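Heads up: the structure comes next, in structure tokens.
Everything quoted here is computed from the prediction, not taken from an experiment. Here is how names work: the chains are called A, B, and so on, in the same order as the sequence lines, proteins then strands, and each is numbered from 1.
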Number of protein chains: 2
Amino acid sequence: MKEKITIYDIAAKLNISAATVSRALNGNTKISDTTRKLVLEAAENMNYEQNKLALALKSGKSKNVGVIVPHIDRSFFSGVIRGIEEELNSNGYRVIICQSYDTEEKEIESINALLNAQVDGILMSISNLTSDLDYILNKTVRKGVPLIFFDRKQDLKGVSTVTINDYEGGYQSTQHLINEGCKNIAHLRGSKRLEIYNDRCKGYKQALLDNGFEFKEEYVIETKSKIDEGAEAVQKLFKLPTPPDAIFSSSDFVALGAIKELKKMGVKVPEEFSVVGFGNDPFTQFMELSISSVDQFPTEMGKITAKVFLEQINSPGEIKIEKKVVLTPKLWIRKSSTKKDV
Amino acid sequence: MKEKITIYDIAAKLNISAATVSRALNGNTKISDTTRKLVLEAAENMNYEQNKLALALKSGKSKNVGVIVPHIDRSFFSGVIRGIEEELNSNGYRVIICQSYDTEEKEIESINALLNAQVDGILMSISNLTSDLDYILNKTVRKGVPLIFFDRKQDLKGVSTVTINDYEGGYQSTQHLINEGCKNIAHLRGSKRLEIYNDRCKGYKQALLDNGFEFKEEYVIETKSKIDEGAEAVQKLFKLPTPPDAIFSSSDFVALGAIKELKKMGVKVPEEFSVVGFGNDPFTQFMELSISSVDQFPTEMGKITAKVFLEQINSPGEIKIEKKVVLTPKLWIRKSSTKKDV
DNA sequence: CTGTTAGCGCGTTCAA
DNA sequence: TTGAACGCGCTAACAG
């Protein structure tokens, strides 16, 4: 009972060849009904289970895909992974998780490990735009391993991407704040090394210009996605000759930190100051002062990323389609940016 | 450049045998320095990379471990996975994720898939206590695949577990509420089919008894970990002849729902009513009215679970140690249960 | 319809 | 110190 049984064991028992057993098990048509039934029955009795590893070695397909994210325990990423897992699992694939901790070394290390493990594809959200990563990413593409970026992408030939329209998200948020009557809108942005933050900022800027507002450099502060940084940014902004009366933040955590700091300073949100975040982290709607935020639909993004992978892997020829899917974000308007009487 | 290169390719190039190449690559001592250098150099030049799949088939060790959780996007579980990944990754293992959606079918399906994929171990948080699952779990143990439960366990011979002391968490929370002067403490519990909720409830009950309080069945309501259920439970409790003045909830979400409902009803928290949650979900500390909650230290739990697995896999003999690790929870006292003047 | 052979890529005997 | 041969478990090609 403790032994692993193979097709040879069942072949021996039935005095037939392993090939026949294999055929019977795989529903091959060219086999007699009698022997098929015999094999199936024996397999059942002997508790036979296919060794996917051998199959993988033989076929060159491991039925595993690697997913690389900065941190698995950020709600956005765990949501994406959820979607990927749901979609891929029902298609017979398993998902291998790697965390890059936003570092390039870990990222490269993970890619190499996944490649050595013979994954059938790699779905990732890159840490930042660097050329060092290019080498290995190109290697991946050359090897013929489908590579797909989600959310945080990088332009690379032969690589499909699934993102949301960050520009649109930035534009919508800013337009909303303008509609609410805000006159001086600041922007707390993320790293300049990531496209998503550049795009959100562009959307912010364009919305300002389209409405006849001035774009002021000093209103844009770069932050990391941490609560403290939101508080610090508010401090900086209020030292300006003309402090803003609204913030569009590229991060919900930064938005939260900003709101907490404003409250500490006695500035009333949303009456005197409006705030919009990004990411629609669950906590934004739990707060007594719920925070307006842009939904990135993480689970959907994960599912679509998985689908793009499946399409690619199932595409007939050697020609790899380079697909660029762009989802439309949705701004959830909540209390933090809704003035009572405007 | 597109071909996969094997040890045979480099053997051919050097006019030596593949066995020698293998030895050189693996740092086998019985090999001359000259050939070793030759091999290493050639491997470097030819961009050789080991196919872990072949190694896995040969050795019987895939260096993959499976992790099964109800949902990956709940902060507790994503935290645990983070810990597992961190610990195992640095030990050369990769983590395969499966979601059970709290259903037994999916759980069984996942275990079978993982077993077929020849994982070296399975770390899981079970959906509930059922005998149907027993069969397959026992099979896993019999096959010699290390199985470890974290958080939601089930007593099974040969299976190690890593949990927190849920009884203690329940006791502490209740004691705290008593210390705050609450007289009628209700308990919103989770499914009776899960040990963790039974234990938390036992802790709650014992704390009541130890303090000379009466344990009332009608003060205990079973809920699912959803916001709405917290609100519903509050409605029920306030229909009782003697409504409670405090709630110890086994879920942060339920606690949140309760608080929102209380507020809606005009009941002041914490002045008139105290609430303690469980899980220390990040949002509990973000709220303006921060929620007291019991920390389960998910990342640490994940790391320890991984360590127990590593110990087990590295234990010399065939004797599998059955280890029971119990972590101590920590109650974070916040505004939702701190009366201003008591 | 079925059996034989071969090979996926690797490490590990057993000889030499 | 090195090479030849084998096996991990499976499927595909080629015979018959």
Margin query: Does this structure show an ion pair linking A:Glu86 with A:Arg82, if we count only N-O contacts that are shorter than 4.0 Å?
Written below: yes
Check: With nearest nucleotides of DNA chain C determined for B:Ile7 and A:Asn15 from heavy-atom distances, which residue corresponds to the more 5′ nucleotide?
Finding: A:Asn15
Next item on the list: Choose from C:dT2, D:dA4, D:dT11 the nucleotide whose nearest atom is closest to any side-chain atom of B:Ser17.
Entry: D:dA4
Next item on the list: Would you kindly give the CG-to-C1' distance between A:Asn26 and D:dC10, to the nearest whole Å?
Entry: 9 Å
Checklist line | Integer-rounded Å distance: D:dC10 C1' and A:Ile10 CD1 | finding: 13 Å
Check: Can you tell me how far P of C:dG11 sits from CD1 of B:Ile16, to the nearest Å?
Finding: 14 Å
Next item on the list: Provide, to the nearest angstrom, the distance between the NZ atom belonging to A:Lys61 and the C1' atom belonging to D:dC10.
Entry: 16 Å
Next item on the list: Determine, for B:Arg74 against B:Asp151, whether the closest basic-nitrogen to carboxylate-oxygen distance falls under 4.0 angstrom.
Entry: no
Check: C:dT5 P sits how many Å from A:Arg23 CZ, rounded?
Finding: 14 Å
Next item on the list: State whether the number of non-hydrogen atoms from other residues, nucleotides or ligands found under 6.0 Å of B:Lys139 atom NZ is greater than 12.
Entry: yes
Item checked: Touch class at under 4.0 angstrom, heavy-atom based, for B:Ser59 against every strand present -> nothing
Next item on the list: Compare side-chain N and O positions of A:Thr35 against OP1 and OP2 of C:dT2 and report whether any pair is under 4.0 Å apart.
Entry: yes
Next item on the list: Please state how far atom CG in A:Leu14 lies from atom P in C:dC1, giving the value in whole angstrom units.
Entry: 18 Å
Item checked: Partners meeting ring-ring contact (aromatic ring centres under 6.0 Å, His included) with B:Tyr8 (sequence neighbours left out) -> none
Notebook entry, point to check: Rounded to the Å, how far apart are B:Met46 CE and C:dG9 C1'?
Noted result: 14 Å
Checklist line | Euclidean distance, A:Ile96 CD1 relative to B:Ile97 CD1, rounded to 0.5 Å | finding: 10.5 Å
Checklist line | Gap between atoms CG and P, on A:Leu25 and D:dC10 respectively (whole Å) | finding: 9 Å
Note to self: Any base atoms under 4.0 Å from A:Ser32, or only sugar-phosphate, or nothing? Heavy atoms, all strands.
What the structure shows: sugar-phosphate
Checklist line | Positions of residues 50-58 of chain A (non-hydrogen atom under 4.0 Å from DNA chain D), listed by number | finding: A:Gln50, A:Asn51, A:Ala54, A:Leu55, A:Lys58
Next item on the list: Using atom types as modelled and distance alone, determine if a side-chain donor or acceptor of B:Asn91 lies under 3.5 Å from a backbone N or O of B:Glu87.
Entry: yes
Check: For C:dT12, does either OP1 or OP2 sit under 4.0 Å from a side-chain N or O belonging to B:Ser22?
Finding: no
Margin query: Given C:dG11, D:dT11, C:dT2, identify the nucleotide with an atom nearest to the side chain of A:Tyr8.
Written below: D:dT11
Item checked: With B:Lys106 via side chain to side chain contact (heavy atoms under 4.5 Å, CB included) - residues at least two apart -> A:Asn89, B:Tyr101, B:Thr103, B:Glu109
